[in-house]
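Taking it in order: structure first as structure tokens, then the write-up.
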Amino acid sequence: MFTDVVILAGGFGERLWPASTASIPKQFLSLEGGVTFLQSAILRALNLDVTGSIVIVTRKDLLEGCIEQASSLTSLVSHSQMDTILNRLYIIAEPDPKGTAAPVVLASHFLNRLSDGEHSVLILTSDHIIGPNENFYEDAQKAWLACLENQLVCFGIPPTEPATGYGYIRKGEKFTSSKEPLKDTYTISQFKEKPDLNTAKMYLESGDYWWNSGMFAFKTDFVLNEIEKHEPSLYGAFSNLASSPMFSIGQKDGIHYLQSWPALDHSYALTPSLSIDIALAEKTKFASVVKASFSWDDVGSWDSFESLFSSHHGSAVEIQSSNNFVYSDIPVALCGVQDLIVVVKNNKVLVLKKGKSELVKEIVKLSKAEDQK
């Protein structure tokens, strides 16, 4: 199985406003049971039993929050998992957010410098819902086998609706390794950007297109070589990390974090801001996809978030009201209303009719404008 897992934990928290903000992004929100999105991702990584490290890449202003999230898990896991958190988990704060390609390259250099030998890496997101876990681990095994064949491996989610908010992957032929065909693994025919509704319907009906989950698998040397080939400016910005003076690791609340790394700021000043999809996935000739047998949700709206709970998250009293969801730090009373999502967080209140989550982004714009007056 994979030697290492990298969890991408940036994000600016606009889609689940006001509970999620730039300083308290979605990955810090509590799910039913009290575990956060980020903690769920860490638990997912721990259960993969990697032999190397778990690396969380985040923003500078989120470093303290990530440390707290990781340290508070130690009382909830097994002794061996606690040992992994305390000894083989590292948090890296980017000097400046530059998309998803930069943290992938940064983490690859970090792992190569941390220990010698081949690194096979699984890239996870910090704010998605995945289940059941057994299916995910089986699919991760398939992705690992494919990445050993010098592939950039994606996870394709069979669409359940004509969604226009996701990128799509068009599957190609069955992927054949040097030894044998790999189960549920295909070459990638094309990557497609977020489609309009009619195109999304066509994708759904064809059965040849899957949602791009944003998770990847690869070997570090392979991905760095491919980056050098297809995005030389990105590769060049980070190339000095391979030979610069060694980084230093700090520790807080039992959690290790990158304290300093000479030339890292310079690397980020030089690198372009790119997604890993644009920088590499859409350009490499060595990309494959595993058809996911697990369910997946990027929880990009309050309607999606509400579906994760069996009841209100917070104290609520209802009279002649039905089908409402409350996510609040303070008690809320509802009288004679239906089909509402009520969010009271961070000294702000959102009252939203179910099915109208797309309007939240407009409210965020207006709220920012008001804050700047």
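Taking NZ from K174 and OG1 from T185, the interatomic distance works out to 6.5 Å, rounded to the nearest 0.5 Å.
Formation of a donor-acceptor pair under 3.5 Å by the T271 side chain with backbone atoms of S267 is not found in this model. A donor-acceptor pair is defined here as one N or O able to donate and one able to accept, closer than 3.5 Å; such a pair exists between the side chain of R59 and the backbone of A22. For R15 (side chain) and S357 (main-chain N/O), no donor-acceptor pair under 3.5 Å exists by modelled atom type. No donor-acceptor pair under 3.5 Å is formed between the side chain of T284 and the backbone N or O of A281. In this structure, T164 contributes its side chain and P195 its backbone to no donor-acceptor pair below 3.5 Å. Remark: side-chain polar atoms of S120 are paired, donor with acceptor, to backbone N or O of T3 under 3.5 angstrom. Formation of a donor-acceptor pair under 3.5 Å by the S206 side chain with backbone atoms of Y203 is found in this model. Side-chain atoms of D184 do not come within 3.5 Å of backbone N or O of V290 as any donor-acceptor pair. In this structure, the side chain of N324 engages the main chain of V337 through a donor-acceptor pair within 3.5 Å. With E149 contributing its side chain and A146 its backbone, the two residues share no donor-acceptor pair below 3.5 Å.
Contact record, L234 with A279: CD2-CB, 4.1 Å, taken as the closest heavy-atom pair. Scanning all heavy atoms of the two residues, the minimum distance from M1 to Q141 falls at CE-OE1, 3.2 Å.
The side-chain heavy atoms of S126 and I56, taken from C-beta on, include no pair separated by under 4.5 Å. A heavy-atom distance below 4.5 Å is found between the side chains of K354 and N323. The side-chain heavy atoms of N150 and F286, taken from C-beta on, include no pair separated by under 4.5 Å. Between N133 and F294, every side-chain heavy-atom pair lies at or beyond the 4.5 Å cut-off. When side chains are defined from C-beta on, P162 counts as touching L197, because their heavy atoms get closer than 4.5 Å. Inter-residue side-chain proximity for N112 and L241 is flagged as unmet; no heavy-atom pair is nearer than 4.5 Å. With contacts defined as side-chain heavy-atom distances shorter than 4.5 Å, the pair V342/L352 does not qualify. Side-chain contact between Q190 and Y168 is absent, with no heavy atoms from C-beta onward closer than 4.5 Å.
The one candidate from V344, V343, I330, V332 that meets the side chain to side chain contact (heavy atoms under 4.5 Å, CB included) condition with V349 is V344. The residue from H230, E231, E226 that alone fulfils the side-chain hydrogen bond (donor to acceptor under 3.5 Å, both in side chains) condition with K283 is E231.
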F218 and Q151: side chain to side chain contact (heavy atoms under 4.5 Å, CB included), yes or no, with the steps?
CA-CA 6 Å; F218 55 79; Q151 294 284 305; over 6 Å; no
Between E94 and K60, does the salt bridge (charged side-chain N to carboxylate O under 4.0 Å, His left out) criterion hold? Intermediate values first, please.
CA-CA 6 Å; E94 296 180 275; K60 282 194 297 187; over 6 Å; no
With side chain to side chain contact (heavy atoms under 4.5 Å, CB included) as the criterion, how do I92 and T58 come out once you've worked through the C-alpha distance, each side chain's angles and the decisive distance to 0.1 Å?
CA-CA 6 Å; I92 301 176; T58 189; over 6 Å; no
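Applying the ring-ring contact (aromatic ring centres under 6.0 Å, His included) criterion to H256, with sequence neighbours excluded, gives Y90. Partners of A70 according to the side chain to side chain contact (heavy atoms under 4.5 Å, CB included) rule, which considers only residues two or more places apart in sequence or in another chain, are I42, L89, I255. Among residues two or more places apart in sequence or in another chain, the salt bridge (charged side-chain N to carboxylate O under 4.0 Å, His left out) test is passed with K201 by none. Under the ring-ring contact (aromatic ring centres under 6.0 Å, His included) criterion, F238 pairs with Y268, not counting sequence neighbours. Residues passing the ring-ring contact (aromatic ring centres under 6.0 Å, His included) test with H128 are W296, sequence neighbours excluded.
Between F305 and F309, the ring-plane angle classifies as tilted under the 30° and 60° cut-offs.
Alongside Y186, the hydrophobic cluster contains I169, I188, F191, W210, V289 (criterion: ILVMFWY side chains under 4.5 Å).
Remark: K345 is positioned above the aromatic ring of Y327, its terminal NZ or CZ atom under 6.0 angstrom from the ring centre and at most 45 degrees off the axis.
In terms of hydrophobic clustering, with Ile, Leu, Val, Met, Phe, Trp and Tyr side chains grouped at heavy-atom distances under 4.5 Å, F216 and L280 are assigned to a common cluster.
Shown here is E32, whose CD atom has more than 12 heavy atoms of other residues, nucleotides or ligands within 6.0 Å.
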